[in-house]
Asks: 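Okay, handing you the structure first.
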Amino acid sequence: MEIMDGKALAAEIRAELKVKIEKMQQKPGLAVVIVGEDPASQIYVRNKIKACAELGIRSYSYELPETASQAELEELLDKLALDSDVNGILLQMPLPKNFDEDSAMAHIPVEKDVDGFTATNLGLLMQHKEKIVACTPLGVMKMLEKYGIDPAGKNAVVLGRSETVGKPMAMLLLNANATVTVCHSRTQNCKEICKKADILIAAVGKPKFVTADMVKDGAVIVDVGINRDENGKLCGDVDFQNVKEKASYITPVPGGVGPMTIAMLMYNTYLTACKE
Ligand code: NAP
């Protein structure tokens, strides 16, 4: 069994990007917009801004209160869309319940959509004409590539069908010629389906959801989940200690997919600046 070291790979990718960015006359600029005071979102945003600073990416942070209106948010996004100092716009999800996420996303021009969440970027992914791809699934693909795992012809099972992780993940694996099954909360026989997976991606958001009896010997296990266990300790969706005995490759939490997501955000921001 080999542990896929997302932290090390992310550091490698960031170091390569830093060299490329140093050579750019006009450094990339990322605007990060957060609405409300969700503590997890605030930590994610802080980490993203810190990563920008380390790479020489200019970052601009905008915080709107939960009481702001949809129109105020969209006005800000329209302003950033026109701002030539801003190459990428990141709208931290999820938005508070009273906001319409799809309507807000429609105010981010496709060429500034560093998260790959606009309808156009998702459509391009579906057509296998990817431009900017959602950071977490892209990070997973980079990790598989790094460890020489080619999805072509393999049975890949994706647990979860969110717009931000599960769906784009499934599409990337399909584009890479895997045979893909997507499981969700209404799936029957989830355990039997997972047992057939050569590559199993868990993006459910439930600690220890994937247990050893759901995993085939020699399977590749990628754990996207970020949860807290009963002791408040960070953990993924996979029962790591037991599942690792059966896996050929497995990602840890922390230190697996999480750091790759940030590295891919930096990569996408760099891409948006190169397209100018
Ligand atoms: P989400 O929007 O809550 O989606 C969870 C998915 O899991 C849904 O599609 C849901 O099905 C499915 N699900 C729920 N119960 C299930 C069950 N019993 N069997 C099979 N599927 C089930 O979550 P998300 O945004 O995709 O995130 C998933 C996890 O990844 C979370 O822990 C999140 O914190 C983490 N995450 C990590 C990163 C990273 O950088 N590592 C980035 C993003 C997210 P339905 O569609 O039927 O409800």
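Remember, it's 1-based here, ligands and their atoms both numbered in the order they're listed. Everything quoted here is computed from the prediction, not taken from an experiment.
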Asks: Please answer: with hydrophobic residues joined when any side-chain heavy atoms are less than 4.5 Å apart, are Tyr249 and Val238 in the same cluster?
Replies: no
Asks: What is the distance from atom CG of Asn121 to atom NZ of Lys131, rounded to the nearest 0.5 Å?
Replies: 8.0 Å
Asks: For the hydrophobic clusters of this structure (ILVMFWY residues joined by side-chain heavy atoms under 4.5 Å, transitively), does one cluster hold both Ile201 and Leu174?
Replies: yes
Asks: Nearest protein heavy atom to atom 10 (C) of ligand 1, by residue and atom, and its distance?
Replies: Ser185 N, 4.2 Å
Asks: When you measure from atom 24 (P) of ligand 1 to every protein heavy atom, which one gives the shortest distance, and what is it?
Replies: Ser162 OG, 3.7 Å
Asks: Among all protein heavy atoms, pick out the one at the shortest distance from atom 19 (N) of ligand 1; state its residue, atom name and that distance to 0.1 Å.
Replies: Phe209 CZ, 3.3 Å
Asks: Find the distance between CG (Leu125) and OG1 (Thr120) and round it off to the nearest 0.5 Å.
Replies: 12.5 Å
Asks: Residue-level breakdown please: for Asn227 versus ligand 1, do any non-hydrogen atoms fall below 4.0 Å on the side chain, on the backbone, on both, or on neither?
Replies: side chain
Asks: Only heavy atoms count here, so choose which of Val165, Val210, Val140, Val222 is nearest to atom 27 (O) of ligand 1.
Replies: Val165
Asks: Side chain, backbone, both or neither: which part of Val204 comes within less than 4.0 Å of ligand 1 when only heavy atoms are counted?
Replies: both
Asks: Supply the atom-to-atom distance Ser61 OG to Gln92 CD, rounded to the nearest 0.5 angstrom.
Replies: 11.0 Å
Asks: List the closest protein heavy-atom neighbour of atom 12 (C) of ligand 1: residue, atom name, distance to the nearest 0.1 Å.
Replies: Gly160 CA, 4.0 Å
Asks: What's the spacing between Thr269 OG1 and Met264 CE if we round to 0.5 Å?
Replies: 11.0 Å
Asks: Measure Met260 to ligand 1 on non-hydrogen atoms and call it side chain, backbone, both or neither using the 4.0 Å cut-off.
Replies: neither
Asks: Quick one: nearest non-hydrogen protein atom to atom 31 (C) of ligand 1, plus distance?
Replies: Gly205 CA, 3.6 Å
Asks: Could you tell me whether some N/O pair between Ile226 and ligand 1 is separated by less than 3.5 angstrom?
Replies: yes
Asks: Does Tyr270 reach the main-chain N or O of Ile57 with its side chain, forming a donor-acceptor pair under 3.5 Å?
Replies: no
Asks: Measure from atom 36 (N) of ligand 1 to the protein's non-hydrogen atoms and state whether any distance is below 4.0 Å.
Replies: yes
Asks: Are Phe240 and Met4 connected in the hydrophobic side-chain network, where two residues link if heavy atoms are under 4.5 Å apart?
Replies: no
Asks: In Å and rounded to the nearest 0.5 Å, what is the CE to CG distance from Met143 to Leu9?
Replies: 7.0 Å
Asks: Hey, which atoms in ligand 1 end up nearer than 4.0 Å to a heavy atom of Gly258?
Replies: 40 (O), 41 (N)
Asks: Write out the residue and atom name of the closest protein heavy atom to atom 46 (O) of ligand 1, then the distance separating them to 0.1 Å.
Replies: Arg161 NE, 2.8 Å
Asks: State whether the shortest distance between N or O atoms of Tyr44 and N or O atoms of ligand 1 falls below 3.5 angstrom.
Replies: no
Asks: Side chain, backbone, both or neither: which applies to Thr261 and ligand 1 if a contact is any heavy-atom pair less than 4.0 Å apart?
Replies: side chain
Asks: Would Gly166 count as a contact residue for ligand 1, given that I'm defining contact as a non-hydrogen atom of the residue lying under 4.0 Å from a ligand atom?
Replies: no
Asks: Does Arg58 reach the main-chain N or O of Asp85 with its side chain, forming a donor-acceptor pair under 3.5 Å?
Replies: yes
Asks: Purely on distance, is any nitrogen or oxygen of Lys206 under 3.5 Å from one on ligand 1?
Replies: yes
